[in-house]
Amino acid sequence: MKKDDLITKNILITGNPGVGKTTLIQNIISKFNISAGGFYTSEVRDEEGKRWGFKITSLDGNESIMASVEIVSKYRISRYGIDVASIDCVGVTAIKEAIKHNDFIVIDEIGRMELFSKKFQDAAIEALDSPKIVFGTITAKDITFTKKIKERQDTKIITLTRQNFPEIETYIERLISRKARLGIG
């Protein structure tokens, strides 16, 4: 473990869509007996297997469709309308509850859809600034907000690929174990 790994308390995974970022987060969370709160996102597919939208799910089970081809919204990415109220209701609430009540904050993902919400941006910064470990994902594409996060001294950005998944999973497990033993975060 590198010395600079000890000063970083925020661990954010980046990479292309479909490389397993959310799977990695879920795998890591399941391996540790720690108090975790926050949320993750997942694709929603129709009966034919075609991607229809995206769901946001808090670690305590609240969920909502945050984007879909059926949502009419002034906020859009590609063919998906974004429901900012769902992001606020599930994602922002989960982050704020995790800041108050958990040792470990999961934010999957700090991405273009979520960033349509100013409340989400504020909650993400509040979590990153908190003394708690933040483990999440961040879009690979740099926009002003994500670029600032990637430049933070207390934040480690790790690029995930299909090829390096096992090594990255092991590295993050060790990093989190070490931080937990030392009481960092």
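For the numbers below, each heavy atom of this structure counts, side chains included, while hydrogens, waters and symmetry mates do not.
Side chain of T14 to main chain of A140: a donor-acceptor pair is present (N/O by atom type, distance under 3.5 Å, no hydrogens or angles). Side-chain atoms of K9 come within 3.5 Å of backbone N or O of S130 as a donor-acceptor pair. Between the T155 side chain and the N10 main chain, no donor and acceptor come within less than 3.5 Å of each other.
Across every non-hydrogen atom of T159 and N164, the tightest pair is O-ND2, 3.0 Å. The heavy-atom pair separating P166 from Q163 by the smallest distance is CD-O, 3.9 Å. Across L115 and Q121, no two heavy atoms sit closer than the pair O-NE2, 2.8 Å. Closest of all the heavy-atom pairs between Q153 and T8 is O-CG2, 3.8 Å. Pairing each heavy atom of A123 with each of V92, the nearest pair is CB-CG1, 4.1 Å. For the residue pair R112 and I143, the shortest heavy atom distance occurs at CG-CD1, 4.5 Å.
Residues satisfying the ring-ring contact (aromatic ring centres under 6.0 Å, His included) criterion with Y80, sequence neighbours excluded, are F54. Scanning for ring-ring contact (aromatic ring centres under 6.0 Å, His included) contacts around F165 gives an empty result, with sequence neighbours left out. Applying the salt bridge (Lys or Arg N to Asp or Glu O under 4.0 Å) test to R51 and every residue at least two apart in sequence or in another chain returns E43.
Enclosure of atom NZ in K148 is not indicated, since only 12 or fewer non-hydrogen atoms of other residues, nucleotides or ligands lie within 6.0 angstrom. Applying the 6.0 Å contact sphere to OH of Y75 captures no more than 12 heavy atoms from other residues, nucleotides or ligands. Other residues, nucleotides and ligands contribute more than 12 heavy atoms inside 6.0 Å of the NZ atom of K150. Atom CG of D46 sits in a crowded spot, with more than 12 heavy atoms from other residues, nucleotides or ligands closer than 6.0 Å.
Hydrophobic clustering keeps F39 apart from I25 (ILVMFWY residues linked when any side-chain heavy atoms are closer than 4.5 Å, directly or through intermediates). A continuous path of hydrophobic side-chain contacts links Y40 to F135 [ILVMFWY only; heavy atoms under 4.5 Å].
The closest side-chain donor-acceptor pair between S35 and D103, if any, does not fall under 3.5 angstrom.
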